[in-house]
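Bear in mind that the values here come from a model prediction, so they are computed numbers and not experimental data. Letters go in sequence order (proteins before strands), and every chain restarts at 1.
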Number of protein chains: 2
Amino acid sequence: MTKENPTLEDVARLAGVSQMTASRALNGRAGVSRETRDEVLRIASDIGYVVNRTAQKLSGGRNGIIGIITPTLDTQFSSELILGAGRAARAAGCEVLVYTMSDEERRTHHDVLGLVRQFSDGVLAILPRESLWLDLLAKANLPVVVIDQRGTMNRLPSVSVDNYGGAQLAVEHLIELGHTRIAFLGGGESIEGVRDRQRGYLDTLSRHGLPHTREWIVPGDLSQMTAFEVASGLLELPEPPTAIFTANDQSAFGAIAAAREAGLRVPDDISVIGFDDIPMAEQFHPALTTVRQPFQQMASSAVNTLLAQVAGHGAGAQRVTFAAELVVRNSTGAAPVARRRSGASRQGRKR
Amino acid sequence: MTKENPTLEDVARLAGVSQMTASRALNGRAGVSRETRDEVLRIASDIGYVVNRTAQKLSGGRNGIIGIITPTLDTQFSSELILGAGRAARAAGCEVLVYTMSDEERRTHHDVLGLVRQFSDGVLAILPRESLWLDLLAKANLPVVVIDQRGTMNRLPSVSVDNYGGAQLAVEHLIELGHTRIAFLGGGESIEGVRDRQRGYLDTLSRHGLPHTREWIVPGDLSQMTAFEVASGLLELPEPPTAIFTANDQSAFGAIAAAREAGLRVPDDISVIGFDDIPMAEQFHPALTTVRQPFQQMASSAVNTLLAQVAGHGAGAQRVTFAAELVVRNSTGAAPVARRRSGASRQGRKR
DNA sequence: ATGAAAGCGCTAACAT
DNA sequence: ATGTTAGCGCTTTCAT
């Protein structure tokens with residue numbers, strides 16, 4: 001199959017029109033009669049014409065490509081978002097190209113930005129954690145939307161989940177199950193979104209008049225391994241918690257492993273609830289109760305915001321926040337009777 | 001910062017040379033005096049010149065961009081490989097752009113190939129499982145290298161791990177630990193690489209004169225959840241195995257969960273060994289003994305093969321296979337002494 | 001509603 | 001060793 005790719009010129013010639021007319025027809029622009037347009041489209045499709053996006057871009061216009069920049073491909077957080085963005089973009093007639101580079105690689109980010117702007121109309125930055133990109137992006141003078149777990153510090157348009165509200169959901173779920181001794185396994189101070197989760201935890205406890213000793217708030221780093229160790233310590237406390245809310249799902253997995261190691265059953269002896277709802281949460285055993293980030297919605301909102309910006313309908317540095325959703329599965333249950341509460345009877349509540 | 005991107009013309013003008021000379025200097029081509037070249041490079045760097053890859057491509061040449069196509073971004077298999085390919089490519093002065101699209105999206109793959117060839121010199125296809133891409137890629141007439149878990153069915157140059165040998169490593173490790181009742185939790189028939197794993201298991205058992213009953217060979221689908229169920233069945237057998245070799249790490253996680261659910265300790269009562277060595281394997285508790293695929297090496301080999309092809313040094317449809325490596329961690333241990341698995345007799349010993 | 005000309009930033013091919 | 005010319009495939013003018 002050595003057939004060269006057909007070009008606009010081929011389409012135009014075959015349709016007996018000028019390239020301009022063919023171009024207009026293909027792009028659905030005005031200025032083409034109904035029947036000319038149909039004819040052009042038919043021919044283009046017949047000969048398998050695919051517009052050359054690089055030429056399109058070079059010639060000064062847009063090319064319908066969204067660049068995604070992300071330093072971390074290995075977290076489900078990014079994967080989900082990229083897949084979602086791809087779907088949303090394609091639904092809008094665009095394509096998505098991903099550029100990824102681990103943070104430790106010492107490549108000048110400046111160059112990367114230059115590269116990205118060459119082949120795309122704008123960029124979606126997926127930044128699970130603080131990143132050097134932010135500043136560069138801010139002064140890069142090209143359409144950009146950030147998907148992150150951060151707060152409002154940057155002036156870039158961004159979408160994120162309501163971390164505070166999600167934490168509240170998680171803690172209230174535990175409280176309804178009768179838990180009063182609820183621990184928080186954190187994810188470090190550096191990520192604002194994670195701090196929000198902790199604030200949500202604290203405030204919800206207070207609101208319900210529940211104690212929150214310093215002992216029950218332990219620091220993790222979002223990794224399963226660290227969570228295992230830290231949770232183990234938690235369980236050796238003279239007054240151990242009956243439920244643990246972890247900063248993310250990975251940490252929840254670690255906490256569950258720790259519980260088991262300590263001879264505890266989940267959820268009978270101790271409940272664990274995570275945050276994110278990565279695909280593995282459902283597969284895990286026991287299936288993890290968690291707070292879901294609506295990845296698909298976030299991605300699609302980000303894409304649309306970006307596309308609007310590209311089209312010039314930029315609405316400034318708006319920040320969109322999506323509600324989190326509680327997903328009840330099997331890692332949480334009624335508080336053990338040893339120190340029960342009135343709510344212990346109403347346990348059968350499924351999603 | 002509304003500064004327009006500097007172009008080759010700017011560099012040339014500032015250096016007082018023609019665009020061609022500037023171009024040659026920047027690309028390290030011959031035909032430029034030492035000092036002219038240095039001057040050009042200095043100026044380019046000064047004004048922050050970044051070559052426009054789309055123009056580069058359009059003008060008929062290569063552009064030093066490698067396209068990666070992968071339908072699955074959500075497996076660590078892909079992530080590892082993409083990161084590795086990026087590193088290798090950049091080391092060779094190239095950039096990598098990822099195009100991803102889930103298989104279920106009904107976008108004509110033909111178009112995608114057209115798109116990819118527009119912005120890249122060649123493509124690396126990361127196909128963890130059978131895929132529609134293969135045929136298209138084969139007749140696409142552009143440089144391509146496949147990284148997969150498959151066998152030799154396709155005529156495309158490809159790199160993969162020695163699945164058979166890896167399985168052998170795994171089983172021999174178990175045998176050395178004294179296990180004789182070794183089960184295999186498979187991953188379906190559709191993926192050739194996975195079938196190789198099973199063959200390796202079978203042959204190794206035979207070679208050591210060990211029994212392999214049909215009962216101990218159970219079908220999975222590479223998912224943790226299925227593995228959990230299937231492994232549970234395995235453990236209820238009248239004569240349960242003392243060790244399980246799973247087709248991949250995810251399945252190992254499921255098997256371990258099943259063992260625990262059945263009141264068994266890993267590795268005291270039962271050993272589990274996976275395949276892949278995804279990052280999570282190390283984080284899991286217990287840390288998973290597994291067979292490592294050398295992702296970084298595979299990626300870098302693939303990149304180099306591809307680059308050679310692009311440069312015209314294509315060595316035909318060569319197939320490169322990398323040795324797998326046994327990584328012993330904590331999920332495997334000596335075979336239990338007693339045939340009983342009541343667990344009551346052998347308490348409290350861990351790791 | 002349609003077309004012609006010019007040019008985006010670069011590099012092959014041919015000068016010199 | 002360096003420069004000139006001619007495009008790559010498209011879209012922007014500015015005609016008609």
Side-chain angles (χ1 to χ4, degrees), chain A residues 4-41 44 47-65 95 114-121 310-312, chain B residues 4-41 44 47-65 95 114-121 310-312:
Chain A
E4 280 307 312
N5 289 356
T7 72
L8 182 61
E9 190 186 354
D10 299 327
V11 177
R13 185 163 23 75
L14 260 28
V17 298
S18 73
Q19 291 196 30
M20 248 349 276
T21 301
S23 171
R24 286 192 264 254
L26 288 164
N27 295 333
R29 305 284 200 83
V32 191
S33 74
R34 189 98 169 72
E35 43 179 34
T36 304
R37 191 230 299 292
D38 290 347
E39 176 65 359
V40 169
L41 292 181
I47 66 176
Y49 172 76
V50 181
V51 63
N52 186 321
R53 307 262 185 182
T54 72
Q56 211 168 25
K57 186 73 188 175
L58 190 58
S59 88
R62 321 187 219 297
N63 65 351
I65 290 194
E95 292 290 348
L115 173 66
V116 170
R117 95 183 331 137
Q118 287 166 13
F119 63 80
S120 68
D121 294 342
V310 171
Chain B
E4 279 308 310
N5 290 355
T7 72
L8 182 61
E9 190 186 354
D10 299 326
V11 178
R13 184 164 24 76
L14 260 29
V17 298
S18 72
Q19 291 197 29
M20 247 351 273
T21 300
S23 170
R24 285 193 264 254
L26 289 164
N27 295 334
R29 305 284 200 83
V32 190
S33 73
R34 189 95 171 74
E35 42 178 33
T36 305
R37 192 230 298 293
D38 290 348
E39 175 66 0
V40 170
L41 292 181
I47 66 176
Y49 171 76
V50 180
V51 62
N52 186 321
R53 307 262 185 181
T54 73
Q56 213 167 24
K57 186 72 190 176
L58 190 58
S59 88
R62 320 188 221 299
N63 66 349
I65 290 195
E95 292 288 351
L115 172 68
V116 171
R117 96 183 330 137
Q118 288 166 12
F119 63 79
S120 68
D121 294 343
V310 171

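- To the nearest 0.5 Å, atoms CG (A:L58) and CZ (A:R53) are separated by 15.0 Å.
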Nucleotide N/O to protein N/O under 3.5 Å, stretch nucleotides 8-10 of chain C:
unit_1, atom_1, unit_2, atom_2, d
C:dC8, O2, A:L58, O, 3.0
C:dC8, O2, A:S59, N, 3.0
C:dG9, N2, B:A55, O, 3.3
C:dC10, OP1, B:Y49, OH, 2.4
C:dC10, OP1, B:N52, N, 3.3
C:dC10, OP2, B:L8, N, 2.2

Query - Test log, rule side-chain contact (heavy atoms from CB on, under 4.5 Å), inputs B:V32 and B:V17 - result: CA-CA 11 Å; B:V32 190; B:V17 298; over 6 Å; no
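- Here the straight-line distance linking atom OG1 of A:T7 with atom OH of A:Y49 works out to 7.0 Å at 0.5 Å rounding.
- A nucleotide of DNA chain D counts as in contact with chain A when one of its atoms lies under 4.0 Å from a heavy atom; the first and last such, 5' to 3', are D:dG9 to D:dT12.
- The two residues B:A25 and B:L41 come nearest to each other via the heavy atoms O-CD2, 4.0 Å.
- A:E95 CD to A:N63 CG: the interatomic distance, rounded to the nearest 0.5 Å, is 10.5 Å.
- Side chain of A:S120 to main chain of A:V116: a donor-acceptor pair is present (N/O by atom type, distance under 3.5 Å, no hydrogens or angles).
- Counting to the nearest Å, the P atom of C:dT2 and the CZ atom of A:R37 are 10 Å from each other.
- Atom CD of residue B:E39 and atom OG of residue B:S33 lie 10.0 Å apart, to the nearest 0.5 angstrom.
- Between atom CD of residue B:E9 and atom CD of residue B:Q19 there is a gap of 5.5 Å, rounded to the nearest 0.5 Å.
- Under the 3.5 Å distance criterion, the side-chain polar atoms of B:Q118 are matched with a main-chain donor or acceptor of A:V51.
- Put simply, the residue from B:D121, B:N52, B:I65 that forms a side-chain contact (heavy atoms from CB on, under 4.5 Å) with B:K57 is B:D121.
- Regarding A:R29, its CZ atom lies at a distance of 16 Å from the P atom of C:dT2, rounded to whole Å.
- In the helix from C:dA1-D:dT16 to C:dT16-D:dA1, the rotation axis of the first five pairs and that of the last five pairs differ in direction by 30°, rounded to 10 degrees.
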